[in-house]
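The chain is numbered in sequence order, starting from 1. Model, not experiment: these values are computed from the prediction.
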Amino acid sequence: MSNTDIRTRPTTETQRPTDSEQTTESEEAVSDAERTSCPECGGQLQSDEEHGERSCVDCGLIVESDEIDHGPEWRAFDSAERDRKSRVGAPTTKMMHDDGLSTNIGWQDKDAYGRSLSASQRKKMQRLRKWNERFRTRDSKERNLKQALGEIDRMASALGLPKNVRETASVIYRRALDEDLLPGRSIEGVATAALYAAARQAGTPRSLDEITTVSRVERMELTRTYRYVIRELNLEVQPADPKSYVPRIASELELPEESERRARELLDSAREDGTLSGKSPVGLAAAAVYAASLLTNEKVTQSEVSAVSDVSEVTIRNRYKELLDSADAGPN
C-alpha cells in the first residue's frame, strides 16, 4: 500500500457553487418557466381535466396530453350519491371527547336498505351499542369530557353560535381539564365559562343574561368561574365592544342596513366623547339600535328592543338619550 497523503478541501471551496451546480439551478429555473408558460408564444397555460390536456390560452398549442387524473374513479351526480360513494370518514373535531375517531352505531333498528331488523338482530345491536359506549368512555376523564362537550354543544345551539366558537370552547375546556382546574367546580360551570370566553374571543359575544338563560348554573357561579378560568389559562379576552352586539339585535328586529350603520356611528361618537366608560356594552348596543331606528324612521318600540336584547326599558331609555346628546355635541 502506497503512502499517499489524503488531504481535505478547504472550507472556502466547499461553500462556492461549482459550475455543474450553477448549470443545474439555471436548468431548473428554465424548466419552471416552461411549465408555467407556452414554449411557442410565452402565453399562459390552462389545464383541461376532462380531456387530460394542458394547452396554451393564446395560440392553442397542446403542451401536455394524457395527464394523470388524481380524483376518484367513480362519478356522482348529487351530494347524497357523493356521500354514499365516498370512502373517507368525517374530519376530526375537538367537539367530541374522542376527536370523532371512534365508531358510532346508529339507534335506528334498520339495515342499510331501510328494512327493520328481526328481534334477535335488535338484541344483538343493542348489546353492541352498550359495549361500544363503554369502550368510548373508558375512564372518568373521558366521561367528564363527554358530558361537558355535550353541554357546550347544547348551549351553543340554543344561542345560535357558529361551529368555530364551539370548537374554541371545547379546546378551552380541554385545557382546563388537563391543568386540573375542575376540582371544587361543577362541569356545567366550567363548560359555560369556556363557551362565554370563546364567544368573546371570536367576536360574537353573548351577554351574561343570555348565557345564564341557557345554562344550568347561576350567574354568580358563572362570573366567578369565568374569572378563574381566564386567569389560570392566561386567556387573552378583550373587553366587549358594544358594536359587536349591534348586528344580532338589528337582525332580530329586521332593521335595514342603514339603521345598523347609524347605530355603529352613534357608538363611535360616544366612544370619542367618553360616554361608553363604565356602562354595559349590551345596554349601549340596544340603546344605539333604538336611537338609530328613530333617526331612520323605523317603527321599533323600546319593549321590542328590550325583548331581543334582555336589557330593561329603563336602561334603553337612559342610554339612548346619552347617545343622542353625544352625537349632537360631536363634530358635524
Hey, is the main chain of [Y] close enough, under 3.5 Å, to the side chain of [X] for a donor-acceptor pair?
X: Thr213; Y: Asp209; value: yes
X: Ser259; Y: Ser293; value: no
X: Glu252; Y: Ile249; value: no
X: Arg319; Y: Leu284; value: no
X: Glu179; Y: Ala176; value: no
X: Ser309; Y: Val305; value: yes
X: Arg206; Y: Leu159; value: yes

Next on the checklist: Please evaluate residues Thr301 and Tyr290 with respect to the criterion side-chain contact (heavy atoms from CB on, under 4.5 Å), reporting the C-alpha separation (whole Å), side-chain torsions for both, the decisive distance (0.1 Å), and the verdict.
Outcome noted: CA-CA 8 Å; Thr301 62; Tyr290 176 70; 5.7 Å; no

If you take all heavy atoms of [X] and [Y], which pair is closest and at what distance?
X: Lys110; Y: Gly114; result: CD-O, 3.6 Å
X: Cys56; Y: Cys41; result: SG-SG, 3.5 Å
X: Leu266; Y: Ala291; result: CD1-CB, 3.7 Å
X: Ala288; Y: Ala263; result: O-CB, 3.6 Å
X: Glu313; Y: Gln302; result: O-OE1, 3.8 Å
X: Pro242; Y: Pro281; result: CB-O, 3.6 Å

Hydrophobic cluster membership, with links at side-chain heavy-atom distances under 4.5 Å among I/L/V/M/F/W/Y: are [X] and [Y] in one?
X: Val300; Y: Val314; value: no
X: Leu294; Y: Val289; value: yes
X: Leu208; Y: Val237; value: yes
X: Val63; Y: Val57; value: no
X: Val171; Y: Leu233; value: no

Item to check | Working for salt bridge (charged side-chain N to carboxylate O under 4.0 Å, His left out), residues Lys163 and Asp153 | outcome: CA-CA 9 Å; Lys163 183 178 179 181; Asp153 188 63; over 6 Å; no

From [atom1] ([X]) to [atom2] ([Y]), nearest 0.5 Å:
X: Leu181; Y: Tyr228; atom1: CG; atom2: OH; result: 4.5 Å
X: Met155; Y: Ile211; atom1: CE; atom2: CD1; result: 7.0 Å
X: Met125; Y: Arg129; atom1: CE; atom2: CZ; result: 5.0 Å
X: Ile152; Y: Ile187; atom1: CD1; atom2: CD1; result: 11.0 Å
X: Leu222; Y: Glu188; atom1: CG; atom2: CD; result: 12.5 Å
X: Ser186; Y: Glu218; atom1: OG; atom2: CD; result: 11.0 Å

Item to check | Positive for side-chain hydrogen bond (donor to acceptor under 3.5 Å, both in side chains) with Arg261, one of Glu257, Glu258, Glu265 | outcome: Glu265

For the [atom1] atom on [X], are there more than 12 heavy atoms of other groups (residues, nucleotides or ligands in this structure) within a distance under 6.0 Å?
X: Gln44; atom1: CD; answer: no
X: Arg219; atom1: CZ; answer: yes
X: Glu232; atom1: CD; answer: yes

Under 3.5 Å side-chain donor-acceptor pair for [X] and [Y]:
X: Ser269; Y: Ser326; answer: no
X: Ser157; Y: Arg166; answer: yes
X: Arg54; Y: Gln46; answer: no
X: Asp325; Y: Tyr320; answer: no

Cut-off 3.5 Å, no hydrogens considered: what does the side-chain donor-acceptor table look like for residues 193-204, sequence neighbours left out?
residue : atom : partner : partner atom : Å
Arg200  : NH1  : Tyr226  : OH           : 3.3
Arg200  : NH2  : Gln238  : O            : 3.0

Item to check | Check against side-chain contact (heavy atoms from CB on, under 4.5 Å), Arg216 and Arg154 | outcome: CA-CA 11 Å; Arg216 293 189 174 97; Arg154 181 191 65 81; 3.4 Å; yes

Item to check | From CA spacing to verdict: salt bridge (charged side-chain N to carboxylate O under 4.0 Å, His left out), Lys141, Asp178 | outcome: CA-CA 9 Å; Lys141 183 178 179 180; Asp178 293 337; 3.0 Å; yes

Checklist entry - Could Glu221 and Arg224 be called an ion pair, given the rule that one side-chain N must be under 4.0 Å from one carboxylate O? => result no

Checklist entry - Hey, are the side chains of Ser306 and Ile316 touching, using non-hydrogen atoms and a 4.5 Å cut-off? => result yes

Checklist entry - Going through the distances and angles, do Asp241 and Arg271 end up as a salt bridge (charged side-chain N to carboxylate O under 4.0 Å, His left out)? => result CA-CA 10 Å; Asp241 188 1; Arg271 178 179 286 105; 2.7 Å; yes

Item to check | Criterion side-chain contact (heavy atoms from CB on, under 4.5 Å) on Gln108 and Leu117, from CA distance to verdict | outcome: CA-CA 9 Å; Gln108 296 89 1; Leu117 301 178; over 6 Å; no

Checklist entry - Could you walk me through whether Glu298 and Leu253 pass the side-chain contact (heavy atoms from CB on, under 4.5 Å) check? => result CA-CA 10 Å; Glu298 296 292 334; Leu253 292 173; over 6 Å; no

Checklist entry - salt bridge (charged side-chain N to carboxylate O under 4.0 Å, His left out) between Lys146 and Glu142: does it pass, once the steps are laid out? => result CA-CA 6 Å; Lys146 182 179 179 181; Glu142 291 188 357; over 6 Å; no

Checklist entry - Step by step, would you call Ser312 with Thr315 a side chain to side chain donor-acceptor pair (under 3.5 Å)? => result CA-CA 5 Å; Ser312 65; Thr315 301; 2.9 Å; yes

